[in-house]
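Below, all heavy atoms of this structure are taken into account, side chains as well, without hydrogens, waters or symmetry copies. One-based numbering, in listed order, for ligands and for the atoms of each.
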Amino acid sequence: MTSMAMQLTAEEQDILDGKMGATLQRAMRSVALYGNVFDAERLVPLTGAPHFVMSFGASMIGPYFEMIDQLIAAGLTANEPFTVDPRPMDHANVPTNPLERLVFRFVFGKQQEYEAQLRRLGLKDGNGFTCACYLPEVGNTPRKGDVLAWSESSAVAFANSVLGARTNRNSAGIDILCAVLGKAPLFGLLTDRGRRATWRVEVDTRELPNAQVLGSAIGMRTVEDVPYIVGLDRWLKPGLEALTVDYLKDLGAAAASNGAVGLFHVAGVTPEAREQGKSLLSPDYRTYQIDEAELERVVAGYPLLWKNPAAEPDVCFIGCPHLSLRQIDFWVDALAVALRRAGRTAPRVPTFLCAAPDVLARFQQESGAPQRLRESGARLASLCPLMFLNNPLCARKRVITNSNKLRTYTAARFLLDDDLVETLVGEKKAVEAHYANV
Ligand code: F3S
């Protein structure tokens, strides 16, 4: 009999002892060892659908694909139909040159094979590739109190904070093994104790700050701790009101990537903060005060990674994390107005609005959508810009973005929304002046 420090039920012990087959035994051993590392008390049943972080068939990670082959051969599937992060490319909408296509074929040589594996494991459908799986058009929306084993950092932050579900920031592979077992180790953000805040973040600005910058500031200061943010209820309404969802989606993605925040509470807005108020704060909490000067300091500290800071950008990506329907509407209209004002018919560089396939389909059904999109000069895409840029050829592109996650993991240049629009429609001279001033 194999023993684990973590307390197992008789059924779990049988699985660990191989009575349900060697593959399930290996899955249980991996998940139990993972739980032991974090002093998990026991395993708890998953109550929501999975979302996996690994969306790309990278040829060099053979053991991962072998593991999934073994799960499939043993007849195992995920506990519920699941979604996955966005694909690394979208050839129909984001054009690549022949050399880039060759690189993609080499780097992501197992893409088709991997997607076939995902279908056999229980992928929701062919549109299930997005990091914003919780949006209503996609439908993988956990309920408050659901226990999950998600891994995509932006989705983890949203599910925990905005929806009140419970998931740790798991890794690729562990997320699948938990889904196959239908269980996750009880530790960290799955526990009441792990969900208490150790930081009180006071937002003391005159206007609602840029979500990506506020999230970045909070992530860099609190790192992997749980912040309790006060001051945002002057602008954000509780529940799943559109502005609240969009704002906290972007704030969470920035906090999760510029730091490692997996859960944040917003006083008067997010579910646990509304129920428990400041009793969520640990007695020894620390305080971080954020005003306009602090946000300016944070933005001024972003490194400039382009060889020539005054060079022209090559491409613009908006939508990391993936945009909501309301955000697509906003960007399409904002770009169209700015282009008209500038007397232009298209942005100065190819501009991609990235969102879930289901959200893009919904936008296309809106009245006048094709015309509005044409007037914006932007294109819709469903890829993950980070994975698209994650190869030596595409990494050379000079990217501009309003995403702090994309800025953190690539050489993309971060611009605030207004500056991004100005750069996309402005005269070359104006843009150079802008860069010279940064
Ligand atoms: Fe989503 Fe890819 Fe950005 S997974 S959060 S679009 S890095």
Do Asp225 and Arg286 sit within salt-bridge range, that is, some charged N less than 4.0 Å from a carboxylate O?
-> yes
Where is the nearest protein heavy atom to atom 2 (Fe) of ligand 1: which residue, which atom, and how far?
-> Cys384 SG, 2.4 Å
Answer with side chain, backbone, both or neither: which part of Met387 has a heavy atom less than 4.0 angstrom from an atom of ligand 1?
-> neither
Relative to the heavy atoms of Cys131, which atoms of ligand 1 are at a distance of less than 4.0 Å?
-> 1 (Fe), 4 (S), 5 (S), 6 (S)
Is it true that some N/O/S atom of Cys320, main chain or side chain, lies under 2.8 Å from atom 1 (Fe) of ligand 1?
-> no
Using the side chain to side chain donor-acceptor pair (under 3.5 Å) rule, take Asn402 and Gln212 through it: C-alpha gap first, then chi angles, then the decisive distance, then the call.
-> CA-CA 8 Å; Asn402 63 344; Gln212 297 270 358; 5.3 Å; no
Does NZ or CZ of Arg169 fall inside the cone over Trp150's six-membered ring, less than 6.0 Å from its centre and within 45° of the axis?
-> no
Are any N, O or S atoms from His322 nearer to atom 3 (Fe) of ligand 1 than 2.8 Å?
-> no
Numbered in order shown, the ligand 1 atoms found under 4.0 Å of a heavy atom of Leu386 are 7 (S)
Between Tyr228 and Tyr285, is the ring centre distance below 6.0 Å?
-> no
Start with the C-alpha distance between Asp146 and Arg143, add both sets of side-chain angles, then the distance that settles salt bridge (charged side-chain N to carboxylate O under 4.0 Å, His left out), and finish with yes or no.
-> CA-CA 6 Å; Asp146 266 347; Arg143 295 150 303 188; 3.0 Å; yes
Work out whether the distance between some heavy atom of Pro86 and some atom of ligand 1 is less than 4.0 Å.
-> yes
Close-contact set for ligand 1 against Asp85 heavy atoms, below 4.0 Å | 4 (S)
Interfacing atoms of ligand 1 (cut-off 4.0 Å, heavy-atom, Pro385) = 6 (S)
Within the distance-only criterion (no hydrogens, no angle test), does the side chain of Arg196 pair as donor or acceptor with the backbone N or O of Leu281 below 3.5 angstrom?
-> yes
Keeping the roles fixed (side chain from Asp175, backbone from Gly173), state whether a donor-acceptor pair exists under 3.5 Å.
-> yes
